[in-house]
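Only heavy atoms go into these numbers, but all of them, side chains included; no hydrogens, no water, no symmetry mates.
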Amino acid sequence: LSSASSDVDAFIGCLSTAIPSNLVKTPGTNSYSELLMSSVQNLRAVLPGTTMPVVIIAVTEPAHVQATVVCGRRHSVRIRTRSGGHDYEGLSYASIHPREHFAVLDLAELRAIHINTTRSEAWVESGATIGELYYAVASANQTFGFPAGNCPTLGVGGHLSGGGFGALSRKYGLSVDNVIDAVVVDAEGRLLNRSTMGEDLFWAIRGGGGESFGVVVSWKVRLVPVPETVTVFRISRSRKQSAIDLINKWQLVAPVLPRDLYLRVLVQNKQAAFIALFLGQCGRLVDTMRRYFFELGMTQQDCQEMSWVQSTVFGYFDTASLPTEVLLNRTRTKDFFKAKSDHVCQLMPRKAWESIWDKWLDKPEAAAVNLDPYGGFMRTISPSETPFPHRNYLYQLHLLSSWFENGTETLEKRLSWMRGVYEDLTPYVSNNPRAVYVNCRDLDLGTNELEGNVTSYEKAKVWGEKYFKGNFERLAAVKSKVDPEDFFRNEQSIPPLPAA
Ligand code: FDA
């Protein structure tokens, strides 16, 4: 299936019978660029040299998705699906292959949210943002929340299909641990729900990366209880204020703290910030911190009490003074970025922190280092329960380098910093495989190659086992069943499992 421009014309002709022409944008049409850029987060993914879609379809109903899949298959035009556009490598709207002709299904307008507080459930369409979901849940009832990531503009579609980790995960798991049904358009263009898609496909879309199996149109999620008042704090310490000793102690306590307490560390600008969400009031938090981590010196003065939804604003914007309506803002400052994820299973020696800090963290081009604790409820879930296998680690170590100025020199400097520190971390992080969270997509891990006209399973294993460990083979088996011709594919999509 490698399309030529005649195929593209035929594809567009095919779409016209089912989709209003004003929703179909080609590079020559008005507002193509505006639509293309609307949810692009990583400007690095739209630098010259990457290939952009030959058409973008701004769908407004599931039938449009079905028609696009049917027309795409019929006329040999592949599809990339975009919900919130936050893919780290831009794979939802750009390709690294120079001659690839592909269409983008943009789901941003497919974003209805229906909350059912009586049943503690919600249906949410993939094009909604996580911020919109948080806002809708709290507007229906302040004592409900939903576990997901901390950036409000994340698209529900991509975020949930890769896992969804955030401040409620130690208490309630990932987003996908709270998905109870979904509606998918498969490679045949059929609209399926959990009972009609079957448990294998339902398993695969909850963490296996969305792009490989179809298009998830909507998700039914379980809402989780949160108290009316939660407490947050942020305490920053420099190196002179014992930042390294504190990080060293943090590693020991953060994964074993009571599940109501999520305490991450963000090392940035030569400071280590300890950032907490506690599902309770200040008094109990102070007691807990004193018991587990008195070295941080946290006191009542550090507490800020608020509603859970306000804490999601604090978690991202680092201030509680913005109104919660900021969660509805779908635009986020765009920058160039590169990120990497790692997992730590044994405490990193204090000395290692010292040498990493000395060698890397004081440099002007240093990335932000985020340490996200697992443990709690995460640990109670079997690594094969969903495709996300990283259940038993102490914490995730995440590097995020972002910059605003375009230019090869800056790019090279940033990438070389990232790759250098990643190399130096090797002795201290998981190995065999070196475990990576698929929502932190990293093309340095490897990209797909074709064998005949399908993606090579053996080649894909190189990156695939890092994301999915033992679940990779099962994901490939599901792929063989639901998309044996490998219609839904990109640089890191799951390949079909070759016949034994
Ligand atoms: P996008 O639309 O780019 O899609 C990502 C991938 O999913 C693509 O391969 C796409 O084709 C596929 N896809 C999208 N919608 C689909 C659908 N409906 N059906 C099938 N496939 C679909 N993660 C986390 O767990 N916790 C966090 O706190 C954060 N924070 C964070 C902050 C920032 C600034 C960024 C850029 C990213 C994060 N992430 C994160 C990572 C995030 O979870 C990841 O990038 C998600 O894939 C983003 O989903 P979008 O829908 O926005 O991306």
Side-chain angles (χ1 to χ4, degrees), residues 87-89 91 161-165 169 173-174 176-177 203-213 251 255 338-349 352 356 369-375 378-379 381-400 415 418-449 451 455-480 489-498:
D87 191 275
Y88 278 17
E89 303 279 8
L91 298 192
S161 42
F165 180 86
S169 293
L174 303 173
V176 288
D177 300 324
W203 174 83
I205 56 168
R206 285 174 299 145
E211 61 276 356
S212 311
F213 305 101
Q251 304 182 91
K338 174 74 191 169
K340 286 188 176 291
S341 121
D342 252 322
H343 285 85
V344 175
C345 42
Q346 280 179 341
L347 300 179
M348 264 174 74
I356 296 278
V369 181
N370 191 56
L371 311 178
D372 249 321
Y374 288 0
M378 288 284 284
R379 231 188 153 78
I381 300 173
S382 146
S384 58
E385 180 78 22
T386 69
F388 178 97
H390 316 300
R391 301 289 186 169
N392 295 321
Y393 293 113
L394 297 175
Y395 58 96
Q396 188 190 158
L397 191 160
H398 180 263
L399 305 169
L400 175 65
L415 296 184
M418 288 300 264
R419 290 169 187 155
V421 74
Y422 193 71
E423 178 67 34
D424 283 4
L425 282 167
T426 308
Y428 311 113
V429 295
S430 61
N431 64 54
N432 198 21
R434 189 161 177 174
V436 181
Y437 173 28
V438 67
N439 264 350
C440 303
R441 191 192 303 285
D442 181 0
L443 292 184
D444 293 351
L445 305 177
T447 54
N448 284 338
E449 287 177 34
E451 226 168 67
T455 302
S456 158
Y457 176 73
E458 285 305 318
K459 296 266 165 48
K461 254 172 135 174
V462 175
W463 57 263
E465 292 189 343
K466 294 188 164 97
Y467 290 143
F468 304 113
K469 295 182 152 181
N471 294 331
F472 182 64
E473 187 175 332
R474 180 170 172 200
L475 286 168
V478 177
K479 174 79 172 178
S480 315
R489 75 175 178 224
N490 66 24
E491 292 79 346
Q492 279 187 346
S493 54
I494 305 289
L497 187 67

### Message
Quick one, Ile356 and Val421 - any side-chain contact, counting heavy atoms below 4.5 Å?
### Response
yes
### Query
Do the side chain of Tyr437 and the main chain of Gly164 share a donor and acceptor less than 3.5 angstrom apart?
yes
### Message
Minimum heavy-atom separation for Val176 and Gly207, please, with both atom names.
### Response
CG1-N, 3.9 Å
#### Entry: Pairwise distance NE2(His398) to CZ(Phe165) - rounded to 0.5 angstrom
11.5 Å
### Task
For residues Asn439 and Tyr88, determine if any side-chain heavy atom of one lies less than 4.5 Å from a side-chain heavy atom of the other.
no
### Message
Has Trp463 got a side-chain atom pairing as donor or acceptor with Asp442's backbone, closer than 3.5 angstrom?
### Response
no
### Task
For residues Pro383 and Asn392, report the shortest heavy-atom separation together with the two atoms involved.
CG-ND2, 4.0 Å
### Intermediate values then yes/no, side chain to side chain contact (heavy atoms under 4.5 Å, CB included), Tyr457 and Glu473
CA-CA 9 Å; Tyr457 176 73; Glu473 187 175 332; 3.5 Å; yes
#### Entry: Residue pair Leu371, Gln251: steps toward the side chain to side chain contact (heavy atoms under 4.5 Å, CB included) verdict
CA-CA 9 Å; Leu371 311 178; Gln251 304 182 91; 6.0 Å; no
### Task
May I ask you to say whether Lys338 pairs ionically with Asp444, meaning some side-chain N is under 4.0 Å from a carboxylate O?
yes
### Task
First locate atom CG of Asp342, then atom CG of Leu399, and finally report the distance between them rounded to the nearest 0.5 Å.
7.0 Å
### Task
Could you tell me the separation between the CG atom of Leu91 and the CZ atom of Arg489, rounded to the nearest 0.5 Å?
14.0 Å
### Query
Roughly how far apart are Ser341 OG and Asn370 CG, rounded to 0.5 Å?
11.0 Å
### Query
Would you find a donor on one side and an acceptor on the other, under 3.5 Å apart, between the side chain of Ser480 and the backbone of Leu497?
yes
### Message
Taking Tyr395's backbone N and O only, do any of them form a donor-acceptor pair with His390's side chain (distance below 3.5 Å, no angle check)?
### Response
no
### Exercise: identify the closest heavy-atom pair between Leu394 and Pro255
O-CG, 3.5 Å
### Task
Please report the shortest heavy-atom distance between Pro387 and Arg206, naming the atom on each side.
CD-O, 3.1 Å
### Summary
Rounded to the nearest 0.5 Å, the CZ atom of Phe472 sits from the NZ atom of Lys479 at a distance of 11.0 Å
### Task
Check step by step if side chain to side chain contact (heavy atoms under 4.5 Å, CB included) holds for Arg441 and Gln492.
CA-CA 9 Å; Arg441 191 192 303 285; Gln492 279 187 346; 3.1 Å; yes
### Query
Hey, does the side chain of Asn448 reach the backbone of Asn490 with a donor-acceptor pair shorter than 3.5 angstrom?
yes
### Query
Within the distance-only criterion (no hydrogens, no angle test), does the side chain of Lys469 pair as donor or acceptor with the backbone N or O of Ala435 below 3.5 angstrom?
no
### Closest contact, heavy atoms only, Pro349 versus Tyr428
CD-CD2, 3.7 Å
### Message
So Cys440 and Gln396, do their side chains get closer than 4.5 Å, heavy atoms only?
### Response
yes
### side chain to side chain contact (heavy atoms under 4.5 Å, CB included) between Thr426 and Asn431, worked out
CA-CA 8 Å; Thr426 308; Asn431 64 54; over 6 Å; no
### Task
Over all heavy atoms of both residues, which pair between Thr386 and Asn471 is shortest? Give the atoms and the distance, please.
O-ND2, 3.2 Å
### With Phe213 via ring pair (Phe, Tyr, Trp, His ring centres under 6.0 Å) - residues at least two apart
none
### Query
Can you check whether Tyr374 and His343 have ring centres sitting under 6.0 Å from each other?
yes
### Task
Please identify each residue that fulfils side chain to side chain contact (heavy atoms under 4.5 Å, CB included) with Ile381, with sequence neighbours left out.
Asp177, Phe377, Glu385, Arg391
### Message
With rounding to the nearest 0.5 angstrom, report the CZ to CG distance, Arg434 to Leu445.
### Response
9.5 Å
